[in-house]
2 protein chains.
Amino acid sequence: MNGTRQFHLLAGRGSDPSARSDEAIYQALWEAIVEHRLVPGARLPEDALASAFGVSRTTIRRVLQRLALEQLVTLKSHRGARIASPGPGEARDVFNARVILEDALLGEVMKRINGSDLEDLEQIAREEQSAERERAIRLSARFHSRLMAIAGNESLSDTLSQLLSRSSLIIAIYGRGQTGCTCEHPELVALLRAGDSDAARHWMRHHLHDIEAGLDFDADGDALPDFENLFGHHRGRSVS
Amino acid sequence: MNGTRQFHLLAGRGSDPSARSDEAIYQALWEAIVEHRLVPGARLPEDALASAFGVSRTTIRRVLQRLALEQLVTLKSHRGARIASPGPGEARDVFNARVILEDALLGEVMKRINGSDLEDLEQIAREEQSAERERAIRLSARFHSRLMAIAGNESLSDTLSQLLSRSSLIIAIYGRGQTGCTCEHPELVALLRAGDSDAARHWMRHHLHDIEAGLDFDADGDALPDFENLFGHHRGRSVS
DNA sequence: GGCAGCTCTTTTGTATACAAAATAATATCA
DNA sequence: TGATATTATTTTGTATACAAAAGAGCTGCC
């Protein structure tokens, strides 16, 4: 058992293990990260990934470097790659960035939004409500992404996509069970439909602050598991 | 002559050619790009760069990939790397992104700016005025970078830095001689000092629109040189 | 003279080999 | 027994080897 086993299911179901392009490997790892199947801090040994995906370390390293530049993975010299584990400071930075950026983009969105956009958004928001946690997180991100794409700026849409991925990591670390948001997106759609720009932007700022407020930054990411809580009831007993 | 010669002077003056870290090579190429010593569309053969920097292609490829992810370089399969040459659409996207982002960030800046910030900015703006073209472009970027850093958000500062680098490329292609801006930055410093947030933001939007308006998108980047203009006066003569 | 097809050269893409660093395991000694 | 030093193993970082693709040059043909 060389550690490959644990990455097998990321490598795609059944299809030819070789001939997978960079993009496919990137996609597989990205999904595993934002879906919390790879938790923050998890090691990503190059050999294991290489054999799991049926490529050489050369290819794996390239993908890992890309993920590192997007801050979903941290690379330490001679110490390998791990799923990134942003601290409270970085987490706050990400949400602060989202407040600033999404507020600004929403201003543009309100100038351009049309019926087809509203339909798509309503659709996503609906699905979101009847989805379990992991799926809801992804749909929530898709909602924000689809909404801000209406602004029509690719550069900033890309930036937001990265912030959304990092948000998913942050929720994995500091989230307290809920999806991060209480899924109030349909409320926003109503405001968008009414064309009330100020109300929509005000709502969005509060929405993001709510998500951040729902995080527990005391539950330190790199901290040890809470042994007291996990094993406290063993106190005074023999370990069996 | 294997093509190495042309990259020699990027590799640093005199010091040990080997032992240059990724970061140093990245920096050298980045500077050459934003200073227009490598013009948009220029080829970047891996072998030439490798021997110029005294490293293997492995290292060069990693750096090129990073530059590609920042959209300063384009990588085409089996066709190698070139300095990126953003078309009019991408150019407009970049400046549109800057209008949205810098306007939003400036709102935060006005809440936090202090005397030390103002001094730094005034200093940069002053130097800018007595600098020749290439240096003025870099100082202008530094001015915007330093100003927006006051907002205190790392994620968005990084985003802006990338937009500024790409702006430099765009000016290299579509600029009409001027530095891109008419160096009105001292005007803005006055507004900042007065603490007039609305005026400052309004000024910034106009400033960025002015820069964009100063570009000539008809002068297509990938287009052939304007032979009519260059050699039209030869018409009817022998080529000697 | 100009164009099509072919060959040869150059350049990229991927895998592998090897050295150095870090981690794990073992042995030694107090 | 516990801590420390030493050795062995694993894992990363860089360079190189080799195959495939693109490009350049050449010959022959119309």
Side-chain angles (χ1 to χ4, degrees), chain A residues 1-7 10-12 15-29 38 41-69 72-84 222 224, chain B residues 1-7 10-12 15-29 38 41-69 72-84 222 239:
Chain A
M1 173 64 162
N2 54 7
T4 296
R5 196 65 55 80
Q6 61 184 128
F7 294 113
L10 301 182
S15 64
D16 182 16
S18 62
R20 281 192 147 275
S21 72
D22 275 32
E23 188 61 25
I25 297 175
Y26 168 82
Q27 208 67 32
L29 283 173
L38 287 173
R43 290 195 55 215
L44 300 169
E46 298 173 1
D47 262 327
L49 290 169
S51 58
F53 285 102
V55 296
S56 75
R57 282 175 50 217
T58 307
T59 304
I60 294 298
R61 286 186 126 245
R62 190 168 41 238
V63 173
L64 288 177
Q65 200 215 353
R66 176 168 169 196
L67 289 165
L69 289 171
L72 297 181
V73 156
T74 55
L75 293 177
K76 280 194 186 173
S77 187
H78 294 282
R79 219 158 294 184
R82 307 180 97 93
I83 304 295
D222 297 313
L224 296 166
Chain B
M1 174 63 165
N2 53 7
T4 296
R5 196 66 54 80
Q6 60 185 128
F7 294 112
L10 302 182
S15 63
D16 182 17
S18 63
R20 281 192 146 276
S21 73
D22 274 31
E23 188 61 26
I25 297 174
Y26 168 82
Q27 208 68 31
L29 283 172
L38 287 173
R43 292 195 53 216
L44 300 168
E46 299 173 1
D47 263 328
L49 290 169
S51 59
F53 285 103
V55 296
S56 75
R57 280 175 52 218
T58 307
T59 304
I60 294 298
R61 284 184 129 248
R62 191 168 40 238
V63 173
L64 289 177
Q65 200 215 354
R66 176 169 171 195
L67 289 165
L69 289 171
L72 298 179
V73 156
T74 55
L75 293 177
K76 280 195 186 173
S77 186
H78 293 283
R79 219 158 292 183
R82 292 175 174 279
I83 303 295
D222 296 315
V239 198

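Below, chain A is the first sequence line, B the second, and so on; all start at residue 1.
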Student: Of the listed nucleotides (D:dG23, C:dT23, C:dG13), which one gets closest to any side-chain atom of B:Arg79?
Tutor: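 Shortest atom-to-atom distance from the side chain points to D:dG23.
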Student: OP1, OP2 of C:dT14 versus side-chain N and O of A:Arg62: anything below 4.0 Å?
Tutor: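 For C:dT14, OP1/OP2 do have a side-chain N/O of A:Arg62 under 4.0 Å.
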Student: Would you kindly compare B:Leu44 and B:Thr58 by the position of their nearest DNA chain C nucleotide and give the one closer to the 5′ end?
Tutor: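 Its nearest nucleotide lies further toward 5', so the answer is B:Leu44.
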Student: Return the set of residues passing salt bridge (charged side-chain N to carboxylate O under 4.0 Å, His left out) with A:Arg57 (not counting sequence neighbours), or none when no residue passes.
Tutor: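 Testing A:Arg57 for salt bridge (charged side-chain N to carboxylate O under 4.0 Å, His left out), a comparison that skips the adjacent residues, returns A:Glu46.
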Student: After noting the C-alpha distance and the side-chain angles of A:Leu44 and A:Leu38, does the key distance pass the side-chain contact (heavy atoms from CB on, under 4.5 Å) rule?
Tutor: CA-CA 9 Å; A:Leu44 300 169; A:Leu38 287 173; 4.1 Å; yes
Student: Atom CZ of A:Phe53 to atom P of C:dA15: distance rounded to whole Å?
Tutor: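 Checked: the CZ to P distance equals 14 Å.
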Student: Report yes if at least one side-chain N or O of A:Thr59 is closer than 4.0 Å to OP1 or OP2 of C:dA15; otherwise report no.
Tutor: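 Yes, such a contact exists.
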Student: Atom CZ in A:Arg61, atom OG1 in B:Thr58: separation rounded to 0.5 Å?
Tutor: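 Result: 9.0 Å between the selected atoms.
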Student: Between C1' on C:dT12 and NE2 on B:His78, what's the gap in Å once rounded to a whole number?
Tutor: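 For the pair B:His78 NE2 and C:dT12 C1', the rounded distance is 7 Å.
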Student: Where the side chain of B:Arg43 is concerned, which of D:dT12, D:dT14, C:dT12 is the nearest nucleotide?
Tutor: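 Nearest nucleotide to the side chain: C:dT12.
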Student: Taking only the side-chain heavy atoms of A:Arg57 (C-beta and beyond), determine which of D:dT12, C:dT14, D:dA15 contains the nearest atom.
Tutor: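 Of the candidates, D:dT12 comes closest.
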Student: Checking contacts here: which listed nucleotide (C:dT12, D:dA15, D:dT12) is nearest the side-chain heavy atoms of A:Asp47?
Tutor: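 Ranking C:dT12, D:dA15, D:dT12 by closest atom to the A:Asp47 side chain puts D:dT12 first.
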Student: Rounding to a whole Å, what distance do you find between A:Ile60:CD1 and D:dT12:P?
Tutor: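 From A:Ile60 CD1 to D:dT12 P: 11 Å.
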Student: Calculate the interatomic distance between B:Glu46 atom CD and C:dT14 atom C1'; express it in whole Å.
Tutor: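 Those two atoms, CD and C1', are 12 Å apart.
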Student: With A:Ile25 as reference, evaluate A:Leu49, A:Leu64, A:Val63 under the side-chain contact (heavy atoms from CB on, under 4.5 Å) test and give the passing residue.
Tutor: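 The option that passes is A:Val63.
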